[in-house]
Amino acid sequence: MRKPGLLYAALLGGLLAAVAVPVKDGPEYEFDRHQLEAMLDDMKTWLPGAWDSYPQVWYERNVAMPAEGEHEHWHRTFALIDAPQVGTTVFYGQINIDGRDGPIMARSQVLYKAVIDEERRVINIAGQPLAEPERFANLHDHPELWSEVRMRDEAALNCDFIWRRDGRQLVGVLEGKTPEGRQYGPGTCSYTASSGAEFFGDAEWVLTPDELWLYDINKLRGVQFIGRADRTHIRLYRARPYTCELATPGTKSPQSFEAHDRGYTVQVLGEGGKPQEWLLLRAWYPVTDGKGLADQLRLMRVDAESGDTLAMTAAEPLAATIALEIGGAGMQCTREQAFPPMAQ
């Protein structure tokens with residue numbers, strides 16, 4: 001029988017030998033033209049629409065707060081637009097801060113031109129903020145302007161945004177256009193900026209039909225100016241439109257709101273003039289009578305100051321209607337087929 005000390009030494013020696021062997025730069029892929037076309041078709045189907053990160057924000061505030069603090073609340077819109085002056089397959093995207101009705105984030109109005117790159121066996125996307133963004137706010141709602149839009153300066157792009165299928169999801173990472181631009185490894189991009197300083201970018205987007213996880217990290221001279229230090233994803237979830245009607249005592253007819261299921265709120269006053277909210281939120285909630293998480297649509301009345309839930313009703317994730325009454329007031333929300341145009 002081999003002595004324990006000798007066995008440990010043998011295992012340790014084998015581990016050190018394994019560490020000394022060069023490691024490959026990740027998996028290899030061999031997607032053919034048919035598979036790449038299928039990926040692009042899925043992207044054209046999955047990406048367009050409204051996405052919101054409030055389910056993640058709610059979970060962090062109510063269940064588990066990250067060490068770096070809660071993630072930003074983004075409402076993100078993507079549209080497949082007809083813009084042949086830009087490319088054959090073109091997406092438009094923008095970010096509204098703190099919800100669908102919030103202001104557009106600076107430099108978030110981006111055109112994404114997608115092409116099949118058979119040599120690298122990927123979907124390659126060139127993404128850049130558009131020129132004259134103030135003219136094209138909410139461009140997805142204005143097809144009459146699609147023929148006029150253009151990128152700021154596509155020739156100045158130094159990074160590719162390459163996408164592959166990974167199981168049932170599509171994954172995009174940022175990569176330098178040249179081997180020198182990938183000196184920090186696959187999925188990174190670096191180059192010398194016009195100021196002479198080194199730029200470094202690292203990004204990953206993970207797309208499914210109902211979820212979009214993403215992080216984007218940018219550094220200049222080693223100082224990070226975009227993204228989180230913890231390198232965690234902002235988790236966006238596909239939003240679906242609802243119309244909510246609020247009936248309150250003393251009013252002749254209910255108020256109507258153009259809502260959605262990923263964190264739409266209506267501000268009201270409760271007893272004693274205390275601020276409260278009606279909240280419509282589909283999210284992954286901790287299971288109260290078991291383990292894990294449950295995907296539910298909830299309509300809640302919430303204390304706006306403490307965040308405590310005062311009343312709540314739950315339904316299936318894609319419920320056609322959901323309603324709640326409390327203190328003589330009631331709200332009913334009904335799912336719609338499409339979002340109305342965004343407010344200018």
Side-chain angles (χ1 to χ4, degrees), residues 42 46 49-76 98-100 165-171 204-215 228 230-244 246 259-266 268 270 274 276-327 329-336:
D42 282 344
W46 296 354
W51 304 81
D52 205 288
S53 68
Y54 191 78
Q56 179 184 28
V57 173
W58 185 94
Y59 191 92
E60 292 170 347
R61 290 177 180 175
N62 292 274
V63 182
M65 179 64 71
E68 193 175 320
E70 71 183 42
H71 286 74
E72 296 177 84
H73 177 199
W74 287 356
H75 186 93
R76 196 154 192 165
D98 291 332
R100 184 175 173 85
R165 190 183 300 282
D166 188 351
R168 298 177 64 86
Q169 59 196 19
L170 299 177
V171 179
E204 179 186 72
W205 291 24
V206 183
L207 175 66
T208 72
D210 279 314
E211 297 189 24
L212 173 60
W213 291 28
L214 56 89
Y215 76 77
R228 290 170 59 98
D230 62 10
R231 299 171 58 85
T232 55
H233 296 79
I234 288 183
R235 304 177 185 180
L236 295 124
Y237 299 83
R238 184 176 299 282
R240 291 175 172 83
Y242 279 73
T243 295
C244 294
L246 174 61
H260 64 83
D261 61 349
R262 294 300 189 176
Y264 184 82
T265 59
V266 176
V268 294
K274 293 184 177 180
Q276 297 181 359
E277 295 176 343
W278 292 91
L279 172 62
L280 180 65
L281 178 62
R282 178 188 170 190
W284 289 96
Y285 295 96
V287 176
T288 56
D289 57 352
K291 298 179 180 180
L293 301 170
D295 185 9
Q296 288 185 330
L297 177 66
R298 293 184 180 181
L299 183 57
M300 296 173 268
R301 183 74 173 259
V302 178
D303 185 302
E305 295 177 340
S306 67
D308 293 339
T309 299
L310 307 175
M312 183 273 290
T313 187
E316 293 299 312
L318 295 176
T321 62
I322 187 170
L324 176 67
E325 292 188 8
I326 176 175
M331 177 172 280
Q332 176 170 308
C333 298
T334 304
R335 184 157 50 89
E336 303 291 349

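None of the values given here were measured: they were computed from a predicted structure.
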Got [X] and [Y] here, is their nearest side-chain heavy-atom distance under 4.5 Å?
| X | Y | answer |
| --- | --- | --- |
| I234 | W213 | no |
| W278 | M300 | no |
| Y237 | W284 | yes |
| E211 | R235 | no |
| V266 | C244 | no |
| L207 | W51 | yes |

Just do the side chain to side chain donor-acceptor pair (under 3.5 Å) check on H71 and S53 with the steps written out, would you? CA-CA 8 Å; H71 286 74; S53 68; over 6 Å; no

Please say whether the positively charged group of R228, taken as NZ for Lys or CZ for Arg, lies over the ring of Y215, i.e. under 6.0 angstrom from the six-membered ring centre and within 45 degrees of the axis.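 Negative - R228 is either too far from the ring of Y215 or too far off its axis.
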
Among R282, R262, H73, find the one that has a side chain to side chain contact (heavy atoms under 4.5 Å, CB included) with Y54.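 It is H73; the other options fail the test.
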
With under 30° as parallel and over 60° as perpendicular, where do the rings of H75 and H260 fit, or are they tilted in between?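 If you compare the ring of H75 with that of H260, the planes turn out tilted.
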
Is [X] salt-bridged to [Y], going by a charged N under 4.0 Å from an acidic O?
| X | Y | value |
| --- | --- | --- |
| E70 | R61 | yes |
| R76 | D52 | no |
| R240 | D210 | yes |

Would you say T243 and E336 are linked by a side-chain donor-acceptor pair, where the criterion is simply a distance under 3.5 Å?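 Their side chains do contain a donor-acceptor pair, which is all the 3.5 Å distance test asks for.
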
Would the distance check show the side chain of R301 and the main-chain N or O of Q276 forming a donor-acceptor pair, the cut-off being under 3.5 Å?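 No, R301 side chain to Q276 backbone: no donor-acceptor pair under 3.5 Å.
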
For E325, look at atom CD and say whether over 12 heavy atoms of other residues, nucleotides or ligands are found less than 6.0 Å away.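 Atom CD in E325 is not packed in, count stays at 12 or less.
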
